[in-house]
There are 2 protein chains.
Amino acid sequence: MTVSNEVSVLDRLFTDGKLAAVCPSRIVLDHVTSRWGVLLLVALSERSMRWGELRRVVEGISEKMLAQTLRTLEADGIVDRAVTPSVPPRVDYALTDRGRELVALLLPLMGWIADNADDILAR
Amino acid sequence: MTVSNEVSVLDRLFTDGKLAAVCPSRIVLDHVTSRWGVLLLVALSERSMRWGELRRVVEGISEKMLAQTLRTLEADGIVDRAVTPSVPPRVDYALTDRGRELVALLLPLMGWIADNADDILAR
DNA sequence: CGGGATCCATACTGATACTG
DNA sequence: CAGTATCAGTATGGATCCCG
């Protein structure tokens with residue numbers, strides 16, 4: 001288990017020395033790294049949230065993109081949507097197990113960005 | 001140094017309980033997770049490449065987006081552009097130290113996506 | 001070969017209105 | 001509260017042509 005995993009990761013990503021245009025990874029990558037997808041996943045990383053809460057926490061997102069992005073993530077099995085039929089209705093969004101796996105890999109990246117952002121933009 | 005870094009990562013990302021709309025992280029995040037940014041970084045992760053090489057390896061990228069994305073990454077100090085004045089001209093792109101740091105965090109994520117993409121889209 | 005400039009299609013956003 | 005529907009304006013990306 002001490003194999004450098006960088007080589008194997010690259011082997012899995014490259015096909016015939018290229019990053020194929022038509023492949024499942026490209027589609028999922030676009031979902032996950034979409035402008036709002038990343039932020040929603042980070043927002044949900046600590047706890048589940050309601051619609052209105054997500055709207056407030058992820059500043060700048062429009063209702064349209066919130067709905068659209070959540071639907072995509074839900075369809076991908078990354079986010080779970082739980083409806084509590086009440087008046088007024090209550091809908092909670094949470095990460096699935098798969099979503100938590102993903103976020104675990106996403107957070108270090110976000111941390112690096114948070115650490116380096118000022119420095120990068122100061123150039 | 002055994003502090004759970006998940007808490008601190010979130011602390012750094014959230015401001016006043018929110019993901020601020022106007023902050024350096026959001027800008028850099030958009031650069032890094034841009035549609036083509038990720039793929040270019042992965043392509044350069046193993047070795048430096050020439051313009052035409054990147055164009056071929058990252059399938060589907062247009063010349064405009066290749067130029068634009070490379071310029072952004074260069075301005076961010078993530079990618080280095082080395083011009084060899086010859087006829088025909090030769091331009092090589094490589095990761096900077098900062099770029100290598102970033103890619104080290106990006107590859108595990110890409111690996112997970114490659115592993116799970118089929119499963120995710122099969123639903 | 002390595003781009004820059006231009007034009008066009010699409011995607012995204014914002015505002016507003018409406019519903020269960 | 002948690003959305004959906006619609007429309008208009010804008011930003012982004014893609015295709016094409018051109019140049020040193």
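What you see below is based on every heavy atom in this structure, not just the backbone, and it leaves out hydrogens, waters and symmetry mates. Below, chain A is the first sequence line, B the second, and so on; all start at residue 1.
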Check every atom of [options] against the side chain of [X] and return the nucleotide holding the closest atom.
X        : options                  : result
Ala67(A) : dG4(C), dT4(D), dG2(C)   : dT4(D)
Arg35(B) : dC12(C), dG2(C), dG13(D) : dG13(D)
Pro88(A) : dC1(D), dG14(D), dG3(C)  : dC1(D)
Gln68(A) : dC12(C), dG4(C), dC1(D)  : dC12(C)
Tyr93(A) : dA2(D), dG3(D), dG4(C)   : dG3(D)
Arg50(B) : dG14(C), dG2(C), dC1(D)  : dG2(C)

For [X] and [N], give me the distance from atom [atom1] to atom [atom2], rounded to whole Å.
X        : N       : atom1 : atom2 : result
His31(A) : dC12(C) : NE2   : C1'   : 16 Å
Asp92(B) : dC1(C)  : CG    : C1'   : 12 Å
Ile61(A) : dC12(C) : CD1   : P     : 12 Å
Trp51(B) : dG3(C)  : CH2   : P     : 6 Å
Leu66(A) : dC12(C) : CG    : P     : 14 Å
Arg90(A) : dC1(D)  : CZ    : C1'   : 11 Å
Met49(A) : dG3(D)  : CE    : P     : 15 Å
Leu40(B) : dG13(D) : CG    : P     : 12 Å

Inset, instruction - Give a yes or no on whether a salt bridge exists between Arg98(A) and Asp119(B), defined as a side-chain N under 4.0 angstrom from a carboxylate O. - result: yes
Legend entry - Salt-bridge present (Lys18(A), Glu53(B); N to O < 4.0 Å): no
Inset, instruction - Ignoring backbone atoms, test whether Arg56(A) places a side-chain nitrogen or oxygen under 4.0 Å from the OP1 or OP2 oxygen of dA2(D). - result: no
Inset, instruction - Considering just the side-chain nitrogens and oxygens of Trp36(A), establish if one lies under 4.0 Å of OP1 or OP2 belonging to dC12(C). - result: no
Inset, instruction - Calculate, to the nearest 0.5 Å, the distance between atoms CD1 and CH2 belonging to Ile120(A) and Trp112(A) respectively. - result: 4.0 Å
Legend entry - Nearest-0.5 Å distance that lies between atom CZ in Phe14(A) and atom CD in Glu46(B): 4.5 Å
Legend entry - Side chains of Val42(B) and Leu10(A) in contact at under 4.5 Å (non-hydrogen atoms): yes
Inset, instruction - Starting from the 5' end of DNA chain D, give me the residue, Lys64(B) or Gly52(A), whose nearest nucleotide shows up first. - result: Gly52(A)
Inset, instruction - Report which part of the nucleic acid Glu63(A) touches: base, sugar-phosphate, or nothing (heavy-atom distance under 4.0 Å, all strands). - result: base
Inset, instruction - Please work out if Arg55(B) contacts a base, only the sugar-phosphate, or nothing of the nucleic acid, heavy-atom cut-off 4.0 Å. - result: nothing
Legend entry - Residue whose nearest DNA chain C nucleotide is more 5′ - Pro89(A) or Ser62(A): Ser62(A)
